[in-house]
Number of protein chains: 2
Amino acid sequence: MADQELDERKIKILHAIIRNYLETGEPVGSRTISKYTDLNLSSATIRNEMADLEEMGYILQPHTSAGRIPSDKGYRLYVDTMMEEKDREIEELKELMIEREEKVDRMLKSVAKVLATNTNYATMVSAPAIRTNKIKFIQLSRMNEGQILAVVVVEGNVIKNNVIDSDGSIDDETLLKLNLLLNTNLCGKALEEISLAMITAMKQQAGIHSEMVGNVIDAIADSIKSEEDLQIYTSGTNNIFKYPELADSRKASDLINTFEEKQMLTELVNDTLAGEEGSGIQVYIGDETPVQSMKDCSVVTATYELGEGMRGTIGIIGPKRMDYEKVVGTLKSITHRLDELYKKK
Amino acid sequence: MADQELDERKIKILHAIIRNYLETGEPVGSRTISKYTDLNLSSATIRNEMADLEEMGYILQPHTSAGRIPSDKGYRLYVDTMMEEKDREIEELKELMIEREEKVDRMLKSVAKVLATNTNYATMVSAPAIRTNKIKFIQLSRMNEGQILAVVVVEGNVIKNNVIDSDGSIDDETLLKLNLLLNTNLCGKALEEISLAMITAMKQQAGIHSEMVGNVIDAIADSIKSEEDLQIYTSGTNNIFKYPELADSRKASDLINTFEEKQMLTELVNDTLAGEEGSGIQVYIGDETPVQSMKDCSVVTATYELGEGMRGTIGIIGPKRMDYEKVVGTLKSITHRLDELYKKK
DNA sequence: TATTAGCACTCCGAACGGATGAGTGCTAAC
DNA sequence: GTTAGCACTCATCCGTTCGGAGTGCTAATA
């Protein structure tokens, strides 16, 4: 009775158990199921089946004489094969005010917020990694005697800037030339594409001011790294208190910390962007997550694209018994909307 | 026996009670005090005195037959008159790496972090309100056909920027003129000083491009407001879990939320900047705080100044039984250090 | 052979009831 | 005014009890 396959009936029962548990958050017993499902079986029969399901690892008992709750393996199966998405979410979300904005970062912030209030889970949104963005415009200008302001605009109108101390005095004319040089050479290039060869070439062209070119490149590189490269916005952190299994002081503290030190979330972002396939939506259940402090959570991530290869990640973090259908639906619809908003142009 | 003044002895006893409670976090009984203090009194005498102190409102009993804990009024008295500051903290802090940085915001972030790890409380640091900062430099430049990039640098090298859609095409020469116009008129002025009169005057000078001037001013105003004007950095939020009286799920959730929605902290900032006097350090105990969600906390704030009138606020949020001496000392030393760092130049 | 009814059993959680001990308030003596 | 002494209160701990939910197993049933 142990190593058999999951037959039709077992699947139905497992499905019922999970659905019920997602709703109530309480261990579910055989009697409940025997009424809940359409297949008319007595609780005794259900019990036998449940014993099998437990042996196979799909469900588990918090303690003897308690009902069953889904195991990670159970959730996994559910998410992989038994889930029906709620497409109606898409319509609802259309109403949510996600509007295109001149500056992407501002919009992404609002995405995080909207998602958090809408789902009742914690959310994170990573801005497209800047180093893959293309440079739109570079501008050097003199602020005062000793200081030069370097401004770099990349796609999405993300603007980086840095103040450079220029010891040697540079006259306005050379500044103009440098601007021209930098723009013609670097515009349209992604930041990570800038090669050493290009830099030396530019230095050569700059002649006596080659030093300045180096400084500017350094400043650019610096201003990119400065913000830890990957900008991440979070929202709804305090939603975790809505789920007793996460509100435990120790776990909560760890989670809060993770959200504050956004850097820890980069692993999640990287993993999502790397392991992408199909719909671009990924579900991490419990231990599957790359972030240590989320071992008792489930995380659903999606990749979005704002045209021209600017890709970022959206993540929703909640308890394992999160409403996967709703979350996946919501993420699908929101990435779709982002796609639409930024495709036109 | 009720409406008498606090005599010497009562003060000593109250002092002892508070000190003891700050250390242990447990209600303190008469026996403890009778041994703790130098005035050799039996527990019975202490009990009588304690009854008086309670009647006067300086201490209270969590329940009959428990020891006493300080009331808000008790803490207040302690902070106002009985506290001896630990000046040695100053030396310790010197070791902490607070270094001047080109961009203030980055440094303030690190201040928040250093304070949080050093004190084990939650911290917030507000950046100087931008609108009181003076403009150092303005630069308009053409990004492409239809778009102009406006960059404004204010004191502290805080850099704001905005993209302006320019319908009418402006040639390079007028752009130069506009730059000159803006810089000569606005540099050295604080953002809030810009008056309508100045704007109209500039528009007149700009001639046919008066519209552009308006746009730029709008853009500047916008980019200031955009970031909710007041930038606030927080750190160590999860420290609140170290204090059981705050770790309670409901309170914790509220607090976390306050730190996430930094906007709520502006009241604290405003109150601090307004009610400033003497040392510039303020202590809010329990209900005294202007922020609703911190009713069960104490908050200590300080005003710092980065030369030339750029003033901001540092706040430390912890349980009522926080180590006021250490916190006040730390804040004093750190504001002092900031002052030093930014005075030289 | 699969399903079901029935029953003994397990375990959690809430409720109860002493002990224990810390701490108080009060009184009477010093 | 101070103190010793005592009765009293109350939180906390711990063992017990008890009911309920749910299980596993067995034997009867279709």
Side-chain angles (χ1 to χ4, degrees), chain A residues 1-2 4-14 16-18 20-21 23-71 244-245 248, chain B residues 1-2 4-14 16-18 20-21 23-71 244-245 248:
Chain A
M1 205 182 285
Q4 74 208 29
E5 276 299 284
L6 278 174
D7 57 17
E8 184 80 15
R9 199 171 70 177
K10 281 196 173 52
I11 290 180
K12 264 193 168 167
I13 291 172
L14 180 55
I17 292 173
I18 297 181
N20 202 292
Y21 185 69
E23 272 176 38
T24 66
E26 305 263 293
V28 10
S30 53
R31 232 180 95 76
T32 317
I33 298 298
S34 88
K35 282 187 275 184
Y36 189 82
T37 44
D38 43 349
L39 29 81
N40 283 356
L41 291 174
S42 79
S43 59
T45 315
I46 304 286
R47 274 203 292 283
N48 289 329
E49 295 289 52
M50 279 164 94
D52 292 354
L53 283 170
E54 182 166 7
E55 203 174 347
M56 294 187 233
Y58 291 107
I59 54 181
L60 34 86
Q61 270 182 307
H63 57 86
T64 358
S65 89
R68 306 304 214 287
I69 63 174
S71 68
E245 61 263 54
D248 155 66
Chain B
M1 203 180 286
Q4 74 209 28
E5 275 301 282
L6 278 174
D7 56 18
E8 185 80 15
R9 199 171 69 177
K10 282 197 172 52
I11 288 178
K12 263 193 169 167
I13 291 173
L14 180 55
I17 292 173
I18 296 181
N20 203 292
Y21 183 69
E23 272 175 37
T24 66
E26 305 262 292
V28 10
S30 54
R31 232 180 95 76
T32 317
I33 298 300
S34 89
K35 282 186 276 184
Y36 189 83
T37 45
D38 42 351
L39 29 82
N40 282 356
L41 291 175
S42 79
S43 58
T45 315
I46 305 285
R47 273 204 290 285
N48 289 329
E49 296 289 52
M50 278 163 96
D52 292 355
L53 282 171
E54 182 166 7
E55 203 174 348
M56 296 186 232
Y58 290 107
I59 53 180
L60 34 87
Q61 270 182 308
H63 58 86
T64 357
S65 89
R68 306 305 215 285
I69 62 174
S71 68
E245 59 264 54
D248 155 65

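Throughout, a chain's letter reflects where its sequence line sits, starting with A, and its residues are numbered from 1.
Using a 4.0 Å heavy-atom distance criterion, A:A66 is classed as a sugar-phosphate-only contact. Note on A:S30: only backbone sugar-phosphate atoms sit closer than 4.0 angstrom, heavy atoms only; bases stay farther off.
A:E55 places its CD atom 13 Å from the C1' atom of D:dG24, with the value rounded to the nearest Å. When rounded to the nearest whole Å, the span between CG of B:L41 and C1' of D:dT3 equals 10 Å. Taking atom NZ of residue A:K35 and atom P of nucleotide D:dA21, one finds them 11 Å apart after rounding to whole Å. Rounding to whole angstrom units, OH of residue A:Y21 and P of D:dG22 are separated by 14 Å. Taking atom CE of A:M50 as the reference point, atom P of D:dA21 lies 16 Å away to the nearest angstrom. Going from atom CD of B:Q61 over to atom P of C:dG23 covers 11 Å, rounded to whole Å. Note: CD (A:E54) to P (D:dG24) measures 7 Å, nearest angstrom. When rounded to the nearest whole Å, the span between CD1 of B:I17 and C1' of C:dT24 equals 13 Å.
B:R47 contributes a side-chain N or O that forms a donor-acceptor pair with the base of D:dG5 under 3.5 Å. Checked by distance alone, B:R31 brings no side-chain donor or acceptor within 3.5 Å of a matching partner on the base of C:dG21. For a distance-only test at 3.5 Å, the side chain of B:S65 qualifies as a donor-acceptor partner of the base of D:dT9.
Within the 4.5 Å cutoff, no side-chain heavy atoms of A:S34 are placed close to those of A:L41. Contact annotation: the side chain of A:T45 approaches that of A:R9 to within less than 4.5 Å [non-hydrogen atoms, C-beta and beyond].
In this structure, B:T64 does not reach the D:dT9 phosphate: none of its side-chain N or O atoms is under 4.0 Å from OP1 or OP2. Checking the phosphate oxygens (OP1, OP2) of D:dT23, a side-chain nitrogen or oxygen of A:R68 falls inside 4.0 Å. Contact annotation: B:T45 side-chain N/O to D:dT3 OP1/OP2 distance is under 4.0 Å.
You'll find that the side chain of B:H63 is closest to D:dC10, out of D:dC10, D:dT2, D:dG24. Of the candidate nucleotides D:dT3, D:dG24, C:dT4, D:dT3 has the atom nearest to the side chain of B:N48.
Between A:E23 and A:Y36, the closest heavy-atom pair is OE2-OH, 3.8 Å. Heavy atoms only, all atoms of each residue included: A:K10 and A:L6 are closest at CB-CD2, 3.8 Å.
Each of A:A51 and B:N40 has a nearest nucleotide on DNA chain D; the 5'-most of these lies closest to B:N40.
Judged as a side-chain contact (heavy atoms from CB on, under 4.5 Å), and not counting sequence neighbours, the contacts of A:E245 are A:Y243, A:P319, A:R321.
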